[in-house]
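Naming: A, B, ... by sequence-line order, numbering from 1 per chain.
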Amino acid sequence: MSIGFSGIQGVEKATVAKIRGARPSVATLLCTIQGSQPPSIGQLLIADGGFQEIWQDAAIVAANRRHLGKSKGHRISVQVADRRWRWSQKTISGVYNTRLDDGKVSETNKKSVQELVNIIFSALGELADTSALPGDLYPPVTWVAKPCSEALDEITKSVGCGIVLDYATNTARAYVRGQGAAIPANGREVEPFVTMTNGPAPSSLRLDGGVILVQSKIKLQAIAIDKDGPFKKVDDVGYKPTAGWGNEWPGDFAGVSDEGDRALARQSMWRYFALKEFADGTLSIPELPNVQISKPSQLLPLRERLLEADKDQNDIQRQNLPYIEGDFWHKADDGSNSDHKRYPGKFRVLWDLGIVIFDTPVFKITDGDIAEPELFLTVAHYVRDATTDGLVYYSWQRMLGPGNNEIAEARPEVFKTVIQQYDKTSRTGAITNFQEADTEANKYLDAMQRKYAPVEPPTAMQYRGIVLQQLDGAIAQVKHTLSGGELQTVISRNYEDDVHTPSERLREVLP
Amino acid sequence: MMDDDAPFYSKGTVKFKNGASEAVPPHAVMEITASERDSTTGEIIYTVGKPSTTFRRFYLVNGPMEVADSSSVSKYGKGTFLHSGGAVLYESGNTPAIGESWGAKASQWSLAKNRPGFLITAANNTSATAPYTSAVQSVIDQLLGKPDDDISKGSSGTVSVYMGAANSETDASIDITACALGAAVTMSKWVTLAYINSTWYVFPWEC
């Protein structure tokens, strides 16, 4: 009947609190003053008759002198951590599950929660059973020299799971919260069975997804900078020639008499275009019937890439670039206009204002006169609520029971997309990811349910001697104590009995 | 300012001012009557008009836009010399064919057949209201004509320029003063004209 560590003699008292997670369990040994320095890394042995448990690769993480009084003199308190002490010293880097604007996870770095945890364990050199972890959830992670212990806890806890170190098999093992063994009945119980409460149960779960993204073909209208600064329609600027713009050669604008105005005309006429409406002449998105759009500013800001993605020259999936089509003079000798062709020249976009600026004037020639071109920008954009001006997003809810105790989590990587389809200017339909987003959201709601839904009420039992119960999704803590030559064990289920060990919740927020 | 890679602008465009009392149609052949420098930008601005009976060795061709008449503040346009080829109006009644020579004609904006100055490349648009073709302009150095009077060797005199199809050449209503440097020429007899060192010289072609 003993608890001891390699090279340490005279253990008089010991407390071993075995906990879940990626941080180590700690054994505190109170022993006599040692004659020689023990090794810093060794084995912790817990033995009681035929029962024995060994912590391989355990380490002394602290040792303090304690004065117990005149009669007892000095002792050494030694803290021994199981081998998870190494997990916080090793780091991991990588970017996984990059989310594309079409709502899909990039195939180039797609890894499930289970695969991500396997990557970490591989980096740690640990054998692990991760089969309890979801293999169909792909949360985005960006690790830059991230301590493996933090990465493990973050990713497993976020999906209602966790990690334990199984001392019997000397391997790590993933668990699902709430799922595991019962408090054992072995005839060595010393206290009555204790049952406590879980606290208030959530009535519903809500997953707040990311903002809705839409790709549309948007008709542009020509604007210009007026003399006092603001953008205006070209027919509304104060310096518009009396005879209109039809005979004004762009870049020259001799009909604008004032030199300063002429400079503004040269700078902006037929070069600046603003959003007007969708190509079909409406501002409605049939797939989003609850969204009322009354002005194009509700589509801002625009996004720098389309929702549509293809593999690039390096075989990496990336979003395509916005483009412009339309009827415009394509600067041919004969003055003919393009018929809904892609604009080949350079342009840039003021994404926040929804203004397109061309490098050179873009216009149409009709019977020798200059006219406004018909231009259409294919671009991805947000949608703003008409009342609040907030970006429209989608939430998914799951009812668990009565009451109004709702728990919400944000998963911005889950969002809905609408790619409006057109035949020239006629809308022919839309491609959405609604079904995929709903499916993914449900999987995250499953994870939230694992994380937050009520589990069986907390219970604990105290035993004589050593009871080598392994930790799992239900057995949250096993504590052994050695005092006065007697060993005792406390097994806690769905809570942690030992008040001297930081709680699981506290460990999540501690560095 | 403009896209140099675009077809029209790659031809080397120049700015012009319409000096005519009527609008210049797209792709019109224009006679250059003067030029000036913009006092602000330094850009050369050509003053143009409708071709006249005054002989010009080269012309300017309007771009694809109509340019307002000389009374308008919007009388400025862009044209090219068509040295790299481009679109230009032609006189309906004949269809330009590749390799033909067409040229400017007094009182019209379009090219006329069997005249010097423009080598046809014949990307025709015959259905346009004002039909146009494609051509390359070359500077005129040789002409055909008949002296209005005898010109003695070493003297200068007036020669009427003739243009038209072979054996159907007619007086083009263009007069050129030419020097009979090497030999005398006879009134109303065919002569050739060559522009050398800023002077038109006349050569006897018919005895």
Beyond-backbone contact of A/D369 with B/E66, side-chain heavy atoms, under 4.5 angstrom: yes
B/M65 side chain reached by A/W329 side chain, heavy atoms, under 4.5 Å: yes
Atom of B/V73, atom of A/G255 and distance for their closest heavy-atom approach: CG2-CA, 3.5 Å
Heavy-atom pair with the smallest gap, counting every atom of A/D333 and B/P64: O-CB, 4.1 Å
Atom [atom1] in [X], atom [atom2] in [Y]: separation rounded to 0.5 Å?
| X | Y | atom1 | atom2 | value |
| --- | --- | --- | --- | --- |
| B/T133 | A/D334 | OG1 | CG | 11.5 Å |
| A/W249 | B/S74 | CH2 | OG | 13.0 Å |
| B/S72 | A/N247 | OG | CG | 6.5 Å |

Region of B/K15 in contact with chain A, defined by heavy-atom distances below 4.5 Å: side chain
Heavy-atom proximity to chain A below 4.5 Å, by part of B/Y132: side chain
Does [X], at its [atom1] atom, have more than 12 non-hydrogen atoms belonging to other residues, nucleotides or ligands within less than 6.0 Å?
| X | atom1 | answer |
| --- | --- | --- |
| A/E259 | CD | no |
| B/F58 | CZ | no |
| A/D258 | CG | yes |

Most chain A-contacting option - heavy-atom pairs closer than 4.5 Å, from B/G77, B/A87, B/P25: B/A87
